[in-house]
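Comments concern the structure below.
Note that the structure is predicted; figures quoted are calculated from it, not measured. Below, read A as the first sequence line, B as the second, and so on, with proteins coming before strands; counting in each chain starts at 1. Hydrogens, waters and symmetry mates play no part in the numbers below; they use all other heavy atoms, side chains included.
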Number of protein chains: 2
Amino acid sequence: MTTRNNINLDKIIQAAAEIIDVHGLENLTLSNLSQKLKIRSPSLYNHIKGLQDIRRLLSLHGLKQLLSVLTRAAVGRSSDEAMREMAKAYLRFARKHPGLYEVTHMAPSHSDHDLYKTGQEIVDLVTQVLEAYQMEPTDTIHIARAFRSQLHGFASLEQRRGFGMSVDLDDSFMHMIDTLLAGLHVRYPKDGQRPSAQFQTGQS
Amino acid sequence: MTTRNNINLDKIIQAAAEIIDVHGLENLTLSNLSQKLKIRSPSLYNHIKGLQDIRRLLSLHGLKQLLSVLTRAAVGRSSDEAMREMAKAYLRFARKHPGLYEVTHMAPSHSDHDLYKTGQEIVDLVTQVLEAYQMEPTDTIHIARAFRSQLHGFASLEQRRGFGMSVDLDDSFMHMIDTLLAGLHVRYPKDGQRPSAQFQTGQS
DNA sequence: TTGATATAACTAATATTATTAGTTAAAATG
DNA sequence: CATTTTAACTAATAATATTAGTTATATCAA
């Protein structure tokens with residue numbers, strides 16, 4: 001199965017990921033991608049269905065990396081600590097791979113099962129961590145959505161330079177997460193877990 | 001100043017806004033825009049600098065509408081009520097004008113003063129509402145950023161179909177806002193404002 | 001080793017796009 | 001009514017994605 005130029009799907013995705021992380025998603029073209037791989041652009045069609053297909057594959061690639069990063073942040077931790085570490089890992093990923101992060105949030109092409117499945121695995125991970133708070137299933141979904149909204153909103157606004165520069169961004173991020181956790185504790189108080197002493201800020 | 005075909009900048013922006021709200025931002029081309037206006041595409045250059053310029057103008061247009069919508073939601077209201085109404089108005093706008101909302105979050109071209117100014121006016125509006133909570137100025141910025149992150153994250157994820165369909169989206173949205181407010185009350189308790197009775201859900 | 005097959009590269013061509021240059025005609029203005 | 005401004009136009013170019021058809025290389029069975 002090895003071929004003339006040693007090009008395979010993995011190398012294409014790798015090269016495309018580099019392009020979008022450095023130059024942005026809108027600057028990924030079959031032209032510069034094929035140049036990077038030292039082939040002519042129509043040759044790419046032997047491996048992929050077209051530009052949309054590459055974007056889809058990148059999206060899946062990014063989601064899987066994000067899932068991995070979040071999972072590693074959550075293992076061996078629980079409750080607030082797990083939430084905070086997942087949040088930090090999420091933002092770290094978005095900052096380190098801006099293009100990959102951006103492509104991850106493309107509207108999935110409806111019946112793309114792989115993409116749906118991986119997205120669901122991330123939701124399941126968050127849901128699992130939230131089980132520690134012993135809410136109703138519906139509330140768990142509410143909070144998971146709120147958590148994702150905060151993370152994505154912050155990462156996205158930061159990436160698009162939507163925030164001013166007056167106040168440290170890491171401080172704001174941890175403050176946001178801690179405020180969510182504070183709200184969680186008020187609304188779902190468990191015995192032995194009073195709403196206090198979760199107000200330290202500062203990020204790694 | 002009136003001309004042959006009665007086309008001016010306003011009509012161009014109007015037509016472009018319709019296209020992106022119906023067909024999405026990525027489907028705005030000079031080709032279909034000029035067809036909608038019944039002129040040839042190079043004629044557009046008599047009014048605008050190019051496609052990027054139209055996008056920039058749309059961004060400003062959207063941002064101004066959003067500012068207007070948020071301002072009207074906040075007048076005559078304060079504290080939690082103002083925050084909730086602003087949140088609802090924000091999501092209503094994003095849902096009603098998906099394309100305009102999307103273009104609003106393009107990375108501004110660095111030194112675009114109009115865009116920066118309008119964005120700042122929105123931040124100032126939120127900051128003003130948050131003054132009721134009597135926090136430190138730095139904390140006000142933290143919370144304003146958290147609020148925007150939630151709103152944008154939710155709107156964006158919803159638009160990209162990032163949420164499952166298991167639980168009502170309006171319920172989740174109000175739950176998210178109420179959790180933020182609950183967190184606010186714990187962290188910045190004012191006399192006469194105890195953290196209770198803000199847990200109703202359901203949206204207009 | 002060799003011949004057959006699969007495949008990954010290629011060239012050539014097309015349609016769509018944004019954009020520029022140069023032209024024309026219509027409106028506005030004196 | 002003459003002049004000037006300007007908003008439309010046509011023609012042309014460069015970049016893009018994509019398709020069709022071709023060639024050459026690697027794999028593999030005999």
Side-chain angles (χ1 to χ4, degrees), chain A residues 1-61 99 102-103 106-110 112, chain B residues 1-61 99 102-103 106-110 112:
Chain A
M1 283 298 174
T2 63
T3 62
R4 279 198 276 178
N5 224 341
N6 282 335
I7 285 177
N8 53 28
L9 200 53
D10 269 359
K11 289 194 178 174
I12 290 177
I13 293 175
Q14 210 56 49
E18 279 182 39
I19 289 173
I20 63 176
D21 275 344
V22 176
H23 299 104
L25 179 57
E26 76 284 3
N27 287 315
L28 173 67
T29 64
L30 296 190
S31 181
N32 59 11
L33 177 58
S34 63
Q35 273 179 284
K36 194 180 181 75
L37 293 165
K38 300 192 166 109
I39 58 176
R40 302 307 177 104
S41 63
S43 308
L44 288 167
Y45 285 81
N46 288 312
H47 303 273
I48 48 92
K49 295 196 188 80
L51 184 62
Q52 287 305 320
D53 194 38
I54 295 186
R55 297 209 187 105
R56 196 198 97 246
L57 291 164
L58 283 169
S59 189
L60 187 59
H61 181 65
E102 189 186 356
V103 81
M106 281 189 347
S109 49
H110 213 38
D112 196 321
Chain B
M1 285 296 175
T2 63
T3 62
R4 279 197 276 178
N5 222 341
N6 282 334
I7 285 177
N8 52 27
L9 200 54
D10 269 359
K11 288 193 179 175
I12 290 177
I13 293 174
Q14 210 56 47
E18 279 182 40
I19 290 174
I20 64 177
D21 274 345
V22 175
H23 300 103
L25 180 57
E26 76 284 3
N27 287 315
L28 173 67
T29 65
L30 296 189
S31 182
N32 59 11
L33 178 57
S34 62
Q35 273 181 283
K36 195 180 179 76
L37 293 165
K38 298 193 166 111
I39 58 176
R40 301 307 176 103
S41 64
S43 308
L44 288 167
Y45 284 81
N46 288 312
H47 303 273
I48 48 93
K49 294 196 189 79
L51 184 62
Q52 287 305 320
D53 194 39
I54 295 187
R55 295 208 187 107
R56 196 197 97 247
L57 292 164
L58 282 171
S59 190
L60 187 59
H61 180 66
E102 189 186 356
V103 81
M106 280 189 348
S109 48
H110 213 38
D112 197 320

With sequence neighbours excluded, residues passing side-chain hydrogen bond (donor to acceptor under 3.5 Å, both in side chains) with A:Arg56: A:Asp53, A:Asp112
Residues which pass side-chain hydrogen bond (donor to acceptor under 3.5 Å, both in side chains) with A:Asn46, listed by chain and number, not counting sequence neighbours: none
Within residues 12-22 of chain B or reaching into it, pairs that qualify as salt bridge (Lys or Arg N to Asp or Glu O under 4.0 Å) - sequence neighbours excluded: B:Glu18-B:Lys36
Nucleic acid contacts of residues 21-30 of chain B, taken as heavy-atom distances under 4.0 Å to DNA chain C: B:Thr29, B:Leu30
[N] [atom2] sits how many Å from [X] [atom1], rounded?
X	N	atom1	atom2	result
A:Asn8	C:dA9	CG	C1'	14 Å
B:Leu33	C:dT17	CG	P	12 Å
B:Arg40	C:dT17	CZ	P	14 Å
B:Leu51	C:dT19	CG	C1'	11 Å
A:Ile39	D:dT18	CD1	C1'	15 Å
B:Leu44	C:dT17	CG	P	13 Å
A:Asn6	D:dT25	CG	P	15 Å
B:Asn46	C:dT19	CG	C1'	13 Å

Within this structure, what is the [atom1]-[atom2] distance for the pair [X] and [Y], rounded to the nearest 0.5 Å?
X	Y	atom1	atom2	value
B:Leu58	B:Ile20	CG	CD1	4.5 Å
A:Leu9	A:Leu57	CG	CG	5.5 Å
B:Arg55	B:Leu25	CZ	CG	6.0 Å
B:Leu33	B:Ile54	CG	CD1	5.0 Å

Would you say [X] places a side-chain N or O within less than 4.0 Å of OP1 or OP2 belonging to [N]?
X	N	answer
A:Ser31	D:dA15	no
A:Ser43	C:dC10	yes
A:His47	C:dT7	no

Please write out the pairs of protein N or O atoms and N or O atoms of nucleotides 12-15 of chain C separated by less than 3.5 Å, giving the distance to one decimal.
none

Note, B:Leu37 side chain near B:Leu44 side chain (heavy atom, < 4.5 Å): yes
Side chain to side chain contact (heavy atoms under 4.5 Å, CB included) partners of A:Asn27, counting only residues at least two apart: A:His23
